[in-house]
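Note that the coordinates shown come from a computational prediction; the quantities given were computed from them, not determined experimentally. Chain letters run A, B, ... following the sequence lines, proteins first and then strands; every chain starts at 1. Just so you know, these numbers use all the heavy atoms, side chains as well, and skip hydrogens, waters and symmetry mates.
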Amino acid sequence: EAGVTQSPTHLIKTRGQQATLRCSPISGHTSVYWYQQALGLGLQFLLWYDEGEERNRGNFPPRFSGRQFPNYSSELNVNALELEDSALYLCASSLEGPWVNLAFFGQGTRLTVV
Amino acid sequence: QQQVKQSPQSLIVQKGGISIINCAYENTAFDYFPWYQQFPGKGPALLIAIRPDVSEKKEGRFTISFNKSAKQFSLHIMDSQPGDSATYFCAASRGDSNYQLIWGAGTKLIIKP
């Protein structure tokens, strides 16, 4: 069974541009979580989607947004990129939320803003 | 306070030795304390977790020790093996907002053969 898959693996963008990151959850999982892992820091919760709806978001500005599609895959959009947005973005999925202890993580998308 | 402070930042242990990673928290409302293991190029994977009603939990070579009064918990890896080389994260959360784990900064563990 395929795990959580994220694309692209690496993404390089210029400051001010927009980045779109994608996540495909494990088959049957309806909850998707997004986290930011900046260098030297632990993961910070960004967004939680469940059954197509945004259920909660972390302490990030509105230029971080996303959505969950009917097939439960998800997209994270970061607008007006800033240098400090450079980080590893991790997606996780679980059968139901909000129990991330039952979630599996993808390998992440490394976003570099130059 | 929402922080979880993890130490050390990096750790080198000889094969067969005991690896110890420590975490401290301040929010007494936290009631779920997991440890995650992350290999390079992979996402974190849940290793072991504890709730504050017990002081110790053991799974194979991995043990969590929990000190509620000191608001500290630690991961012990017995008989450390080169395959244990990874980054370890502690985290904490309130049970009803489990997805909003507060993560430590991570410890890069290297086991020398």
In terms of heavy-atom pairs under 4.5 Å with chain B, the winner among A:G108, A:G106, A:C91 is A:G106

Hphob cluster co-occupancy, A:L88 + A:Y33, side-chain heavy atoms under 4.5 angstrom:
yes

Between A:Q37 and chain B, which part of the residue has a heavy atom less than 4.5 Å away: side chain, backbone, both or neither?
side chain

B:K42 atom NZ: more than 12 heavy-atom contacts under 6.0 Å:
no

Around atom CZ of A:R15, are there more than 12 heavy atoms of other residues, nucleotides or ligands at under 6.0 Å?
no

Take atom CG in A:L83; do more than 12 heavy atoms of anything else shown fall under 6.0 Å from it?
yes

Would A:F60 and A:W48 show up in the same hydrophobic cluster when neighbours are defined by side-chain heavy atoms closer than 4.5 Å?
no

More than 12 heavy atoms of other groups within 6.0 Å of A:N71 CG
yes

At what distance, to the nearest 0.5 angstrom, does CZ of A:F105 lie from CD of B:Q38?
9.0 Å

When rounded to the nearest 0.5 Å, the distance separating CG of B:L46 from CZ of A:F104 is 9.0 Å

Counting only non-hydrogen atoms closer than 4.5 Å, does B:Q9 touch chain A with its backbone (N, CA, C, O), its side chain (CB onward), both, or neither?
neither

If you compare all heavy atoms of A:L90 against all heavy atoms of B:P44, which two are closest, and at what distance to 0.1 Å?
CD1-CD, 3.7 Å

So how far is it from B:W103 CH2 to A:L41 CG, rounded to the nearest 0.5 Å?
13.0 Å

